[in-house]
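Okay, structure first, notes after.
FYI, the numbering just counts along the sequence from 1. What you see below is based on every heavy atom in this structure, not just the backbone, and it leaves out hydrogens, waters and symmetry mates. Everything numeric in this text was worked out from a predicted model, so none of it was measured.
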Amino acid sequence: MSITTKFGSALCTIALSVSVSLHASDLNEQLTKQLPSLGDLYKHLHQYPELSNQEKSSAKRLAQEFKRLGMTVTEQVGGHGVVALFKNGEGPTVMIRADMDGLPITEETGKEYASKVTTLNRNNQQVGVMHGCGHDVHMTNLVGTAKQLMNNKKLWQGTLMLVAQPAEEVGSGAKAMIKEGLYSKFAKPDYVLGLHVSANLPAGKIAIAPGYALANVDSVDITIKGKGGHGAYPHTTIDPVVLAARMVLALQTITSREISPLKPSVITVGAIHGGAKHNVISDQVTLQLTLRSYDPQVRDQQIAALKRMANGIAMSAGLPEELMPIVYVHEDERIPSTYNAPELATFVKGSIVNAIGAENVVEAEPVMAGEDFGLFGRTDENIPITIFWLGSVNMKDYELSVKEGRTLPSLHSSKFAPDFEPALYTGVKAMTQSAMDLFNRKESN
Ligand SMILES: [Zn+2]
Ligand SMILES: [Zn+2]
């Protein structure tokens with residue numbers, strides 16, 4: 001199939017748009033027919049969520065779906081990861097990624113297909129398991145897109161690479177798959193695409209923007225030491241609770257006074273633990289922090305500043321060298337920011353506009369949440385990546401929430417219930433169109 005470039009003659013451009021629109025309507029018809037079975041798959045995945053690193057049945061089910069479509073499937077890549085490949089002639093390699101894990105949340109959506117799965121948490125307490133981040137939509141969307149592309153092989157040329165990734169919620173899945181040779185053993189993609197459901201965008205809409213999409217995430221523990229003693233004789237102690245209080249306030253000035261106001265930065269102390277009794281001054285207090293930023297330099301600045309402040313506060317209290325605070329950055333849990341390669345994001349946005357109409361595509365704003373999707377674009381191969389937000393809120397609920405000034409259940413909420421049918425219809429359409437346009441792109445150059 002020959003594709004006219006945008007630099008082609010006016011006549012050819014008209015011919016192209018006619019042929020593309022014919023294909024588009026065929027694809028839409030196929031997708032409408034496919035929707036009930038995709039809905040069933042969604043409900044099944046939703047009902048049986050699995051926690052990070054336990055995605056055995058979800059992975060098995062996806063592998064089956066891809067094999068049935070005639071793809072070459074490898075399981076157990078970096079844990080429960082699945083890689084499916086299909087070489088359809090010469091052309092670029094397009095990778096599409098979906099994550100598979102659920103969360104330790106007891107579902108409260110009241111849906112008839114709600115999850116009843118429970119598990120034991122770290123403290124041996126029984127907790128529910130729920131797809132509270134919409135990864136069930138992501139998996140179903142990947143299967144839907146695979147069906148569309150595999151059933152219409154004549155419309156594209158290249159290598160389709162599907163990646164079902166485990167353990168996104170704990171930030172280790174993408175890392176593990178890359179480490180196991182995702183790009184060396186399987187294929188080196190020319191483009192990597194992904195999506196995430198949005199809990200504040202109506203189903204039927206998509207948000208996308210070039211540049212930073214999601215943030216750097218670091219977890220940091222600070223152990224502040226002191227000299228404990230009797231609460232009635234504070235002058236004989238160095239009270240780590242007081243030092244921790246100073247520390248919490250001092251940390252507020254890193255973002256407000258040290259980092260450029262034009263560079264986003266968040267430092268949140270999420271937990272503070274110290275002491276055991278009213279009248280005892282303890283020996284230490286621990287703080288647990290989350291740091292967010294986009295720019296890697298801002299991240300380095302945050303960490304350097306909090307180390308300096310922790311030491312400074314300890315020194316000002318007269319603590320000796322051996323009682324200086326310990327700042328521990330969890331490097332293994334670090335998630336770098338997700339950067340949508342501008343050229344690719346702009347191209348994909350164009351495809352999505354063609355697929356679902358400009359009125360349904362909005363400019364995405366970067367968020368301070370993290371996603372390990374960003375790692376796929378941060379290897380030595382330097383592959384352009386793009387993620388977009390797939391609206392998932394029921395339109396009536398959305399309109400009502402705007403009217404009443406109510407906030408909607410967010411991602412990770414026990415009440416988050418995506419309106420999966422219109423979301424999947426939109427997501428599959430957008431992802432299929434984007435992949436096809438990318439496959440056919442080199443041909444036109
Ligand atoms: Zn999540
Ligand atoms: Zn997620």
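Under a 3.5 Å cut-off, the side chain of Asn440 and the backbone N or O of Met436 do form a donor-acceptor pair. At least one donor-acceptor pair under 3.5 Å links the side chain of Asn88 to the backbone N or O of Lys153.
Between Glu55 and Arg61, none of the side-chain N atoms (NZ, or NE/NH1/NH2) sits under 4.0 Å from a carboxylate O, so this pair counts as no salt bridge. Salt bridge Arg97/Asp372: present, at least one basic N to carboxylate O contact under 4.0 Å.
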### Task
Please step through side chain to side chain contact (heavy atoms under 4.5 Å, CB included) for the pair Gln288 and His273, ending with a clear verdict.
CA-CA 9 Å; Gln288 292 179 309; His273 299 285; 4.2 Å; yes
### Message
For Arg299 and Glu331: C-alpha separation, side-chain torsions, deciding distance, then whether salt bridge (charged side-chain N to carboxylate O under 4.0 Å, His left out) applies.
### Response
CA-CA 12 Å; Arg299 183 241 179 202; Glu331 290 290 348; 3.5 Å; yes
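In this structure, a donor-acceptor pair under 3.5 Å is absent between the side chains of Asn151 and Gln34. Side-chain atoms of Gln126 and Thr118 form a donor-acceptor pair, as typed in the model, at a separation below 3.5 Å. Remark: the Asn200 side chain and the Ser198 side chain contain an N/O donor-acceptor pair separated by less than 3.5 Å. Under the 3.5 Å distance criterion, with hydrogens and angles disregarded, no donor-acceptor pair is assigned to the side chains of Asp218 and Gln302. A side-chain donor from one of Asp437 and Gln433 sits under 3.5 Å from a side-chain acceptor of the other.
Residues His46 and Tyr42 bring their aromatic ring centres within 6.0 Å.
More than 12 non-hydrogen atoms from other residues, nucleotides or ligands lie less than 6.0 angstrom from CZ of Arg406. Within a 6.0 Å radius of NZ in Lys87, more than 12 heavy atoms belonging to other residues, nucleotides or ligands are found. Around atom CD of Glu90, no more than 12 heavy atoms belonging to other residues, nucleotides or ligands sit under 6.0 Å away. In Gln252, the CD atom is crowded: over 12 heavy atoms of neighbouring residues, nucleotides or ligands sit closer than 6.0 Å. Under a cut-off of 6.0 angstrom, the local environment of NZ in Lys56 is sparse, with at most 12 non-hydrogen atoms contributed by other residues, nucleotides or ligands.
Using a 4.5 Å heavy-atom threshold, the side chains of Tyr183 and Ile383 count as touching. With a 4.5 Å cut-off on side-chain heavy atoms, His135 and Met100 do not count as touching. Here the side chains of Phe420 and Asp136 are not in contact, with every heavy-atom distance at 4.5 Å or above. Residues Asn152 and Asp26 fail the side-chain proximity criterion, which asks for heavy atoms closer than 4.5 Å. With a 4.5 Å cut-off on side-chain heavy atoms, Ser58 and His44 do not count as touching. Between Lys60 and His80, every side-chain heavy-atom pair lies at or beyond the 4.5 Å cut-off. The side-chain heavy atoms of Tyr294 and Met368, taken from C-beta on, include a pair separated by under 4.5 Å.
Using cut-offs of 30° and 60° on the angle between ring planes, the pair Phe86 and Trp156 is perpendicular.
From Gln148, atom CD reaches atom CE of Met431 across 13.0 Å, with rounding to the nearest 0.5 Å.
Taking the ring centre of Phe347 as origin, the terminal cationic atom of Arg441 falls inside the region bounded by 6.0 Å and 45° from the ring axis.
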